[in-house]
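Everything below concerns the one structure shown next.
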Amino acid sequence: MGVEVPEGQGAFVRAAVRAYDSAYAVSPSTVSSTFGHHGDHIPDRMADGDPGTYYWSAGPAVKGAAVVVDLGRVRRVHGVRLALGKSDRPNDYLHRGVLEFSVDGRHWYTVARLDGPLHEVRVRADIRYLRLRSTADQAQWLVVRDLSVIGCPVGKAADGDPATVFTVTAAPVELPLTPGPTASAIVVRAGADTARGGKVQVRMGGGWRTVGALAGPYTELPLPRGRATRVRIVPGATPLGVHEVTVRPAG
C-alpha cells in the first residue's frame, strides 16, 4: 500500500527515496544470463551503477531464460528497482516474466510479475539470489539498463566492512545467518564504548536460543550444534553500535 505524500512535497520525498536507495544499494557478487548477450553488452553492465551502460540479450526472449544475480551471501533486502528497454528499443523488456528470490539457488518464490519497462518492488526479505525469468516466448529482445538491489539499514552490521555501523537502541537487531558446516562461533564487533550486557541469540528449530551476553567491544560466543538461521542482538540498558556480526570456522 502506498503512502500519501503531502501536497508540494513530492520532489523532496522522491529525492529522499533516491538517497536512501543509493546509500543502501547492495553490489552483486556475480550476474549471469541464459539469454546470451549482444556485442559487449554483458550481464555485469546491468548492475554497474552507470546509467550509460546496459545489458542486451543475444536475441528475442524465450520462455525459461533468466538473468540471475548472486549477492554473495544471504542479505536482508528492502527492495529491487528495474529499468528495462532503451530509447531506441523501448519494447525490449519482458512482456511476460517474473522476479523471483531465493536463499539457496534451488527454491524460488515469486515477488513480482514483470510486464513493463519500469518496476520498483518494495519487499523485506532475506535473500542471496534474485532472478528475472521469462515465462513466455516473445519477439522482442531484452535490455536491462539498471538493476538495483536495496538493502535494509541493518545490513551495515553484516556487510563485511567493519568501518560501517548499525546502531541498536531499544529494539533487538536481527540478521540472517548462514554459518556453514564448519562454523564454531559467533563474533560481534561493536563500538569502543560498548558495555557488558545484552543478549546474543540464534534462531534454531523455530525458536530463539540465548548463546551468551555481550562482553564489550569484542564478543566471541560458541555456536550451538544444529542449523541456526538467524542471529539476534538484544541491547542492554544503553544503545550500542554494531560494526560487524560474523561467524568463525572451527580450527
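For the numbers below, each heavy atom of this structure counts, side chains included, while hydrogens, waters and symmetry mates do not.
- If you take CG on L223 and CD1 on I186, they are separated by 5.0 Å, rounding to the nearest 0.5 Å.
- In this structure, the separation between OG1 on T34 and CZ on R131 is 9.0 Å, given to the nearest 0.5 Å.
- Tested against T210 for a side chain to side chain donor-acceptor pair (under 3.5 Å), the candidates R232, Q201, K199 yield a single pass: Q201.
- If you check the side chains of T53 and D48, you find a donor sitting under 3.5 Å from an acceptor.
- Contact record, S57 with F35: CB-CB, 3.7 Å, taken as the closest heavy-atom pair.
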Worked check of salt bridge (Lys or Arg N to Asp or Glu O under 4.0 Å) between R106 and D104 = CA-CA 5 Å; R106 298 188 303 274; D104 57 11; 3.5 Å; yes

Going by atom type alone, with no hydrogens or angles, which donor-acceptor pairs under 3.5 Å involve a side-chain atom of residues 214-222 and a protein atom two or more places apart or on another chain?
residue: Y218; atom: OH; partner: E220; partner atom: OE1; Å: 2.7
residue: T219; atom: OG1; partner: A215; partner atom: N; Å: 2.8
residue: E220; atom: OE2; partner: R248; partner atom: NE; Å: 2.5
residue: E220; atom: OE2; partner: R248; partner atom: NH2; Å: 2.6

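- Partners of Y54 under the ring-ring contact (aromatic ring centres under 6.0 Å, His included) rule, at least two apart in sequence or in another chain, are H41.
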Would H119 and R81 satisfy side chain to side chain contact (heavy atoms under 4.5 Å, CB included), going step by step from the backbone distance to the final call?
-> CA-CA 6 Å; H119 299 272; R81 186 174 60 240; over 6 Å; no

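- No hydrogens or angles considered: nothing links the side chains of Y109 and S102 as a donor-acceptor pair under 3.5 Å.
- Look at R96 and D115 and you find no salt bridge, because none of the NZ, NE, NH1 or NH2 atoms lies under 4.0 Å from a carboxylate O.
- Placement of Y55 and I42 in two distinct hydrophobic clusters is found when ILVMFWY residues are connected by side-chain heavy-atom separations under 4.5 Å, directly or transitively.
- With values rounded to the nearest 0.5 angstrom, L84 atom CG is found 9.5 Å from D146 atom CG.
- Contact check for L130 versus V80: side-chain heavy atoms found under the 4.5 Å cut-off.
- Nearest heavy atom pair, residue A58 against residue W141, reads O-CH2, 3.6 Å.
- Proximity of a side-chain donor or acceptor of D137 to a complementary backbone N or O of K63 within less than 3.5 Å is detected.
- Nearest approach of R145 to L118, heavy atoms of both residues: NH2-CD2, 4.2 Å.
- Each of W108 and L147 belongs to its own hydrophobic cluster when Ile, Leu, Val, Met, Phe, Trp and Tyr are linked at side-chain heavy-atom distances under 4.5 angstrom.
- Distance CD/E120 to OG/S148: 9.5 Å, rounded to 0.5 Å.
- Under a hydrophobic clustering in which Ile, Leu, Val, Met, Phe, Trp and Tyr are joined whenever their side-chain heavy atoms come within less than 4.5 Å, directly or via other members, L99 and Y129 fall into different clusters.
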Does the pair I150 and V77 meet the rule for a side chain to side chain contact (heavy atoms under 4.5 Å, CB included), with working shown?
-> CA-CA 6 Å; I150 314 305; V77 167; 5.8 Å; no

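- Between V111 and V121, the shortest heavy-atom distance links the atoms O-CG1, 4.4 Å.
- Across all non-hydrogen atoms, the minimal contact from G85 to Y93 is N-CB, 4.5 Å.
- Counting only heavy atoms from C-beta outward, the side chains of S32 and V67 never approach each other to under 4.5 Å.
- Of the inter-residue distances, the one linking S33 atom OG with L142 atom CG reads 7.0 Å to the nearest 0.5 angstrom.
- Side-chain heavy atoms closer than 4.5 Å link hydrophobic residues (I, L, V, M, F, W, Y) into clusters, and following such links, possibly through other members, connects V144 to L71.
- In K86, the NZ atom is crowded: over 12 heavy atoms of neighbouring residues, nucleotides or ligands sit closer than 6.0 Å.
- Centroid-to-centroid, the aromatic rings of W56 and H37 stay 6.0 Å apart or farther.
- Using a 4.5 Å cut-off on side-chain heavy atoms (C-beta onward), R128 and R75 make no contact.
- In this structure, I127 is not a member of the same hydrophobic cluster as V68, with clusters built from ILVMFWY side-chain heavy atoms closer than 4.5 Å.
- Between S134 and L94, the shortest heavy-atom contact is CB-CD2, 4.0 Å.
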Could you walk me through whether R45 and D50 pass the salt bridge (Lys or Arg N to Asp or Glu O under 4.0 Å) test, one step at a time?
-> CA-CA 8 Å; R45 295 199 167 180; D50 183 348; over 6 Å; no

